[in-house]
Asks: 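Take this structure, written in structure tokens, and hold onto it; I'll ask about it next.
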Amino acid sequence: MLIDLEISRNKIEKNLEKIRGINENIIYVLKDDAYGLGIENILPILIENGCDYYAVAYIEEALEIKRILRERFSKEVNVMMLNYTEVEDIKIAVENGIELTIYSLFQFREYEKIFSEILEEGKNNIKIHIKLNTGMNRLGFDGDEIEELCGILKRFQVRNENKRFLEYDKKGEGVKTVEKIGKLEIVSIFSHISDSENLEKTEAQVKKYEEFLRIFQKMGIDYRYTHLQASPLLFKYREKYNYDFGRVGMAIYGMEPLSERVGLEQVINLHSKIISLRKVRKGEQVSYGNNGLLERDTIVAVVPIGYAHGLKKQIESSNSYILIKGEKAYILGEVCMDMILVDVTDIKGVSVGDKAVIIGVQGDEEITLLKMAKWAKTIQDDILTNFDKSIRRKIVE
Ligand SMILES: *Cc1c(COP(=O)(O)O)cnc(C)c1O
């Protein structure tokens, strides 16, 4: 591969320090393959830094964490899944101690049969997190569903306490006594904030969350933890909404969670090299179409990265650049599938093979994820999670 994605261990560690300076209890979010950087790359760094609670999106990711731990570390950690889990994956999740998120009555009903089977078998407890909708309107129970939810949870709780199995049907009838019984454990009740920089909206969400929690308490539902905070809320409100945990993703990877910078370290350096140089005369065009009209005699360098690797095509119309010899080399014309053309006329001593930095520091210049995101008119996460899997990831100090 002609492209390298370096991931700095030191910078991740500095970001961890910053995060933990605000909230010591963090569920580290490794969803979508650690925001595209690779769970196998990021997890060992976090484990070595004492992180022991993780959140992922999918069962495959949760199992990967468990496998890496088994093979390389003699340590147990907690893993929760934030996304939907297919009914057929519930058993394997529970057998591996992986924690599920339940966010709707529909989903709970889907799981009832398999939950009952697992509990009856009595080998494993089922660990769930209940997600509440406090205003994002994505996943989560609405306020008016909580009583019904509590009814279902209550039945499981009674079952936990009595060591017997109440078969759940619509009327709540049908009692069957079983010898050994697993428990349905409610690990947490949580919610998610949609717009942390909007104080009014955020505080309304917090208020709702608190109100909803009181319903669970009133209904006598036993749960262990509460959490609400992702990276933006953590940096916006500091300790104020720490609860039992924060769930932090983007800040680990050095993405700025707020519109003003909070001083996180840029973790990645994405680079390639010049594979061709050419002198092209004023008035000629470069790349596809007719956007690459040259206004002066130009030395054009070709760098083998394009939209197939996750470099956004949209940046071609944003006066965007890469770095060569610590200087800006502006992109000329259209971004191609696996190449870009850049202007190196004003950079001294350029030759084929010179390093080309697409994201990261070179000399006194830096291209941050935030800058790249602005050029592409998107957000940092959308850049980071889209680097092609074929790009070699390398951990550096
Ligand atoms: C992705 C996600 C997080 C982490 O958010 P960041 O802003 O990346 O820190 C936390 N909670 C939920 C529910 C998420 O989906």
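These figures come from a predicted structure and were not determined experimentally. Every number for a ligand or one of its atoms is a count from 1 in the order of the listing.
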Asks: Examine the side chains of Gln229 and Asn23 and answer whether a donor and an acceptor come within less than 3.5 Å of each other.
Replies: yes
Asks: With a cut-off of 4.0 Å, which atoms of ligand 1 are near a heavy atom of Pro232?
Replies: 7 (O)
Asks: Looking at Glu121 and Lys123, is any side-chain nitrogen of the basic one under 4.0 Å from a carboxylate oxygen of the acidic one?
Replies: yes
Asks: Does any N/O atom on Val29 come nearer than 3.5 Å to any N/O atom on ligand 1?
Replies: no
Asks: Atom 5 (O) of ligand 1: which protein heavy atom is closest, and how many Å away?
Replies: Ala230 CB, 3.5 Å
Asks: Exactly one of Val396, Ile395, Asn269, Ile268 should register a side-chain contact (heavy atoms from CB on, under 4.5 Å) with Ser8. Which one does?
Replies: Val396
Asks: I'd like to know if Glu117 pairs up with Lys113 as an ion pair, taking the criterion as any Lys NZ or Arg NE/NH1/NH2 lying under 4.0 Å from an Asp or Glu carboxylate oxygen.
Replies: yes
Asks: Look at atom 4 (C) of ligand 1 and say which protein heavy atom is nearest, naming residue and atom and giving the distance to 0.1 Å.
Replies: Tyr35 OH, 3.5 Å
Asks: Tell me, which protein residue and heavy-atom name are nearest atom 9 (O) of ligand 1, and how many Å apart are they?
Replies: Ser231 OG, 2.5 Å
Asks: Can you classify the ring geometry of Tyr321 versus Tyr330 as parallel (below 30°), tilted (30 to 60°) or perpendicular (above 60°)?
Replies: perpendicular
Asks: Counting both backbone and side chain atoms, is some N or O of Arg247 under 3.5 Å from an N or O of ligand 1?
Replies: yes
Asks: Looking at Lys75 and Asp52, does any basic side-chain N land under 4.0 Å from a carboxylate oxygen?
Replies: no
Asks: Look at atom 13 (C) of ligand 1 and find which of Met80, Lys131, Met255, His129 reaches it with the closest heavy atom.
Replies: Lys131
Asks: At what distance is the nearest protein heavy atom to atom 12 (C) of ligand 1, and which residue and atom is it?
Replies: His192 CE1, 3.5 Å
Asks: Touching ligand 1 at all, Ala251? Heavy atoms, strictly under 4.0 Å?
Replies: no
Asks: Would you check the N or O atoms of Gly249, main chain and side chain alike, for any that come under 3.5 Å of an N or O of ligand 1?
Replies: yes
Asks: Roughly how far apart are Asn49 CG and Glu17 CD, rounded to 0.5 Å?
Replies: 9.0 Å
Asks: Applying a strict 4.0 Å limit to heavy atoms, is Arg138 in contact with ligand 1?
Replies: yes
Asks: Classify the contact between Ala55 and ligand 1 as side chain, backbone, both or neither, using a heavy-atom distance cut-off of under 4.0 Å.
Replies: neither
Asks: Indicate whether any N or O donor in one side chain lies under 3.5 Å from an N or O acceptor in the other, for Glu334 and Tyr307.
Replies: no
Asks: For atom 2 (C) of ligand 1, which protein heavy atom lies nearest, and how many Å away is it?
Replies: Lys31 NZ, 2.6 Å
Asks: Between atom CD1 of Ile358 and atom CD1 of Ile367, what is the distance when rounded to the nearest 0.5 Å?
Replies: 8.0 Å
Asks: List every atom of ligand 1 that sits less than 4.0 Å from any heavy atom of Val248, numbering the atoms from 1 in the order shown and giving each element.
Replies: 9 (O)
